[in-house]
Amino acid sequence: MHLRFYNHERILGSGPSATVVYAVQRRDSNSGAGFGNVIVYDNLLRSGVETDSPIVGRNQGMGVGSSLAENSGLTNFQLVFTAGKYNGSSLALQGLFPVAPLGTVFERAITGGTGKFRLARGYLLTTEVRATNTTLTGQLDAYITFR
């Protein structure tokens, strides 16, 4: 099964409407991927790249700056579906999130799921496709198999 969604994030430092915040921030680091930093997030999942695309769920999780070079972090998150065909179901994911230029593709593991995604396994390819001073939009391509 192949599913595509778009993660709409209000980035760190974008004020009270940010959907990504520090849980722990080292004083000597100015990047979310800074070694030892912990961030939590609750981003919108939409069916399209546009900000008025229908909301299909949320991307909820956390990231930990796990690289001494401060060029990546470890993420652990859930794609929680709140509308449409997969309403009430979720996918569990984990893996590295690199600090990389727009358009870079990276992969994380689908480690399970609930509801219609029970016993799911697979991988998620993420490509950051749009960025502003306050927002980041990522294309999420989930490739799912069931055991």
Side-chain angles (χ1 to χ4, degrees), residues 1-25 31-67 69-132 134-147:
M1 173 186 292
H2 173 224
L3 302 174
R4 175 172 286 167
F5 316 102
Y6 292 85
N7 182 68
H8 289 258
E9 175 180 311
R10 306 259 322 150
I11 61 175
L12 283 164
S14 62
S17 61
T19 59
V20 179
V21 298
Y22 282 109
V24 175
Q25 180 181 11
S31 161
F35 185 71
N37 287 346
V38 178
I39 59 169
V40 294
Y41 50 90
D42 185 2
N43 300 324
L44 290 175
L45 276 183
R46 295 183 178 272
S47 61
V49 71
E50 299 302 327
T51 56
D52 61 352
S53 297
I55 296 169
V56 297
R58 309 209 54 104
N59 174 358
Q60 300 172 323
M62 62 179 282
V64 177
S66 56
S67 166
E70 299 195 359
N71 62 4
S72 68
L74 176 64
T75 58
N76 187 354
F77 61 103
Q78 296 282 118
L79 300 181
V80 179
F81 297 93
T82 58
K85 180 176 174 178
Y86 304 109
N87 184 25
S89 299
S90 68
L91 285 168
L93 299 102
Q94 68 177 18
L96 286 180
F97 184 90
V99 175
L102 207 61
T104 302
V105 179
F106 55 95
E107 181 176 333
R108 290 177 278 190
I110 296 172
T111 58
T114 65
K116 293 187 179 184
F117 298 115
R118 187 173 295 129
L119 301 177
R121 293 289 185 265
Y123 61 98
L124 180 79
L125 297 179
T126 301
T127 309
E128 303 302 343
V129 294
R130 183 180 291 170
T132 69
T134 58
T135 65
L136 184 60
T137 304
Q139 178 178 302
L140 309 179
D141 285 289
Y143 295 89
I144 305 164
T145 59
F146 298 91
R147 291 186 178 201

Applying side-chain contact (heavy atoms from CB on, under 4.5 Å), run through His8 and Asn43 and close with a yes or a no. CA-CA 6 Å; His8 289 258; Asn43 300 324; 6.0 Å; no

Give, for atom [atom1] of [X] and atom [atom2] of [Y], the distance between the pair rounded to the nearest 0.5 Å.
| X | Y | atom1 | atom2 | value |
| --- | --- | --- | --- | --- |
| Thr19 | Leu12 | OG1 | CG | 9.0 Å |
| Glu9 | Leu136 | CD | CG | 5.0 Å |
| Asn87 | Lys116 | CG | NZ | 9.0 Å |
| Gln60 | Leu44 | CD | CG | 10.0 Å |
| Leu93 | Thr126 | CG | OG1 | 8.5 Å |
| Ser66 | Phe35 | OG | CZ | 8.0 Å |

Indicate every side-chain donor-acceptor pair of residues 139-147 with a distance under 3.5 Å to a residue at least two apart or in another chain.
| residue | atom | partner | partner atom | Å |
| --- | --- | --- | --- | --- |
| Gln139 | OE1 | Tyr6 | OH | 3.2 |
| Gln139 | NE2 | Asp141 | OD2 | 2.8 |
| Asp141 | OD1 | His2 | NE2 | 2.8 |
| Asp141 | OD1 | Arg4 | NE | 2.7 |
| Asp141 | OD1 | Arg4 | NH2 | 3.1 |
| Asp141 | OD2 | Arg4 | NH2 | 3.4 |
| Tyr143 | OH | His2 | NE2 | 3.4 |
| Thr145 | OG1 | Arg121 | O | 3.4 |

Expected output: side-chain Thr127 to main-chain Val129 donor-acceptor under 3.5 Å: no

Please check: side-chain N/O of Arg46 versus main-chain N/O of Ser53, any donor-acceptor pairing under 3.5 Å? yes

Distance alone, cut at 3.5 Å: any donor-acceptor contact between the side chains of Asn37 and Gln25? no

Write down the atom of [X], the atom of [Y], and the distance for their closest heavy-atom approach.
| X | Y | value |
| --- | --- | --- |
| Phe117 | Ser89 | CD1-CB, 3.7 Å |
| Leu96 | Phe106 | O-CD1, 3.8 Å |
| Val49 | Thr137 | CG2-CG2, 3.7 Å |
| Asn59 | Leu45 | N-CG, 4.1 Å |

Could you go through residues 74-82 and list every donor-acceptor pair under 3.5 Å that involves a side-chain atom there, pairing it with any protein atom two or more places apart or in another chain?
| residue | atom | partner | partner atom | Å |
| --- | --- | --- | --- | --- |
| Thr75 | OG1 | Gly95 | O | 2.8 |
| Thr75 | OG1 | Arg108 | NH1 | 3.2 |
| Gln78 | NE2 | Ser90 | OG | 3.3 |

If you apply the rule side-chain contact (heavy atoms from CB on, under 4.5 Å), what do you find for Arg130 with Thr135, and how did you get there? CA-CA 8 Å; Arg130 183 180 291 170; Thr135 65; 5.7 Å; no

Test side-chain contact (heavy atoms from CB on, under 4.5 Å) on Glu70 and Val99 and set out the steps. CA-CA 8 Å; Glu70 299 195 359; Val99 175; over 6 Å; no

